[in-house]
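Okay, so here's the structure we're looking at.
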Amino acid sequence: MNMTTDLASKLRSGTQQAHSNAEHTKFMTRFLKGDVDENILGKLLGNLYQIYSQLEAELESHQEHPIVSHLYFSELNRKTNLEKDLTFLYGDSWQEKVFPTPNAQIYISRIREVSATQPELLIAHAYTRYMGDLSGGQSLKKIAKAALDLKEDQSINFYEFSQIPDVTQFKGKYRDALNHLMIDETLMNQIVQEANLAFNLNIKMMGDLA
Ligand code: HEM
């Protein structure tokens with residue numbers, strides 16, 4: 001059966017308010033003004049390291065899943081890039097210095113929980129993070145590079161997608177994959193609801209850093 005849905009546009013319109021809330025957090029407002037230093041960036045990337053480690057492990061564990069497997073793109077994986085950034089910021093013993101903040105722990109628990117109980121909802125978590133990193137994340141990269149006074153050949157690896165030469169094209173491919181999932185209306189609504197929760201978990205996690 002060749003089925004298509006409008007999940008991609010449902011996700012976009014259904015999380016529009018949550019996106020606006022995330023964009024206007026104290027943390028993001030300061031970040032956009034270039035008010036970001038190594039300390040705060042280290043805390044953010046430390047949280048994201050824990051979050052992506054969990055998310056990517058769960059997505060990988062469902063590679064045989066009839067639905068979740070279609071939204072696994074290894075070129076999106078952030079864990080290795082985050083390890084490089086944390087080594088740069090904290091040195092070789094970064095593992096001893098990086099701990100998830102309380103709301104990052106709640107976020108991680110939710111990812112673990114949906115993976116165990118309703119893995120289809122991991123799609124909402126992947127969408128919220130990766131589409132964000134490919135979108136606003138690309139502006140945040142430039143801001144962070146300037147604020148940290150990085151050299152031309154240095155970057156925040158977290159925001160670099162070296163295996164995705166054309167981000168716009170890739171986002172189109174990702175939306176197509178969302179629209180081709182074999183899912184019904186009920187599950188679509190649950191995924192949109194879970195994406196809203198994912199935005200709120202991000203907002204709370206950023207609140208720990210401000
Ligand atoms: C200051 C912070 C942010 C800015 C400036 C920003 C900006 C943007 C822009 C311009 C787009 C549209 C890109 C396009 O249509 O191709 C976008 C999309 C998106 N952003 Fe953000 N964003 C920010 C924060 C966040 C945060 C914190 C998250 C979630 C953790 C997030 C998640 C997303 C998602 C999921 C999309 C894709 C929407 C869709 O087309 O379905 N963004 N962002």
Side-chain angles (χ1 to χ4, degrees), residues 4-36 40-41 43-56 59 70-71 73 76-78 81-82 100-101 103-104 106-108 110-111 114 121-147 156 158-159 161 164-181 183 188-189 191-210:
T4 62
T5 69
D6 59 349
L7 178 61
S9 58
K10 274 205 162 73
L11 274 166
R12 174 182 272 204
S13 58
T15 60
Q16 211 168 8
Q17 184 58 53
H19 185 276
S20 173
N21 296 345
E23 229 177 316
H24 294 105
T25 51
K26 205 179 257 177
F27 179 80
M28 276 299 156
T29 305
R30 286 179 59 179
F31 201 126
L32 288 176
K33 284 189 201 145
D35 185 5
V36 52
I40 196 83
L41 191 70
K43 282 189 181 154
L44 173 70
L45 298 179
N47 271 347
L48 292 177
Y49 171 74
Q50 313 284 349
I51 291 161
Y52 281 91
S53 296
Q54 194 70 41
L55 176 63
E56 289 168 5
L59 288 170
H70 294 285
L71 257 287
F73 294 93
L76 288 173
N77 285 348
R78 299 290 83 205
N81 290 38
L82 283 161
T101 60
N103 281 302
I106 293 172
Y107 190 171
I108 293 160
R110 180 62 187 168
I111 292 170
V114 300
L121 299 185
L122 284 174
I123 288 165
H125 288 276
Y127 161 80
T128 303
R129 282 301 334 174
Y130 293 124
M131 283 294 269
D133 301 334
L134 291 171
S135 305
Q138 297 309 297
S139 318
L140 298 177
K141 170 170 85 179
K142 296 190 191 100
I143 295 168
K145 274 182 81 163
I156 314 290
F158 172 65
Y159 295 117
F161 289 88
I164 302 181
D166 187 335
V167 166
T168 308
Q169 185 190 29
F170 183 87
K171 287 202 289 190
K173 185 166 100 171
Y174 199 85
R175 291 193 181 101
D176 276 349
L178 286 168
N179 290 338
H180 282 88
L181 297 174
I183 56 175
M188 270 205 281
N189 291 333
I191 291 173
V192 175
Q193 201 180 348
E194 187 69 21
N196 276 291
L197 178 66
F199 270 99
N200 282 324
L201 289 166
N202 276 283
I203 290 169
K204 291 200 174 121
M205 180 273 284
M206 289 187 280
D208 286 345
L209 307 173

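Numbering of ligands and ligand atoms starts at 1, following listing order. Given the structure is predicted, the values throughout are model-derived calculations rather than measurements.
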TODO: Measure across I108 and P100 and return the closest heavy-atom pair with its distance rounded to 0.1 Å.
DONE: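 Closest approach of I108 to P100: CD1-CB, 4.2 Å.
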TODO: Could you find the nearest protein heavy atom to atom 32 (C) of ligand 1 and give me its residue, atom name and distance?
DONE: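 That would be G132 CA, 3.4 Å.
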Task: Nearest protein heavy atom with distance in Å, relative to atom 6 (C) of ligand 1 - done: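 Result: G136 CA, 3.6 Å.
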Task: Heavy-atom side-chain proximity of T128 to L201 below 4.5 angstrom - done: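 T128 vs L201: side chains apart.
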Check whether more than 12 heavy atoms from other residues, nucleotides or ligands sit under 6.0 Å from atom [atom1] of [X], and answer yes or no.
| X | atom1 | value |
| --- | --- | --- |
| K43 | NZ | no |
| K10 | NZ | yes |
| Q193 | CD | no |

Residue [X] vicinity, atoms of ligand 1 by number, heavy atom under 4.0 Å:
| X | answer |
| --- | --- |
| N202 | 30 (C) |
| R129 | 30 (C) |
| Y127 | 35 (C), 37 (C), 38 (C), 39 (C), 41 (O) |
| L32 | 1 (C) |
| F199 | 28 (C), 29 (C), 31 (C), 32 (C), 35 (C) |
| K171 | 13 (C), 14 (C), 16 (O) |

- [ ] Measure the CZ-CE distance between R12 and M131 for me, rounded to the nearest 0.5 Å.
- [x]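 CE of M131 is found 7.0 Å from CZ of R12.
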TODO: Can you measure from OG1 (T15) to CZ (F199) and round to the nearest 0.5 angstrom?
DONE: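 So the OG1 of T15 and the CZ of F199 are separated by 4.5 Å.
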Could you work out, for [atom], the closest of [options] by heavy-atom distance?
| atom | options | value |
| --- | --- | --- |
| atom 26 (C) of ligand 1 | S135, A124, A22, A198 | A22 |
| atom 23 (C) of ligand 1 | H19, R12, Q16, M205 | H19 |
| atom 37 (C) of ligand 1 | M28, M131, H125 | M131 |

Task: ligand 1 contacted by T128 (non-hydrogen, < 4.0 Å) - done: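 Judged by the 4.0 Å heavy-atom criterion, T128 does count as contacting ligand 1.
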Task: R175 near ligand 1 by a heavy-atom separation under 4.0 Å - done: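 Within the 4.0 Å threshold, so yes.
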- [ ] Measure centre to centre between the rings of F73 and Y174, then say whether the value is under 6.0 Å.
- [x]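 Here the rings of Y174 and F73 have centres that are less than 6.0 Å from each other.
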- [ ] Please indicate whether any nitrogen or oxygen in E23 is less than 3.5 Å from any nitrogen or oxygen in ligand 1.
- [x]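 No - when backbone and side-chain N and O of E23 are compared with those of ligand 1, no distance drops under 3.5 Å.
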Task: N81 and Y52: side chain donor to acceptor below 3.5 Å - done: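 No, because no side-chain N or O of N81 sits under 3.5 Å from a partner of the opposite role on Y52.
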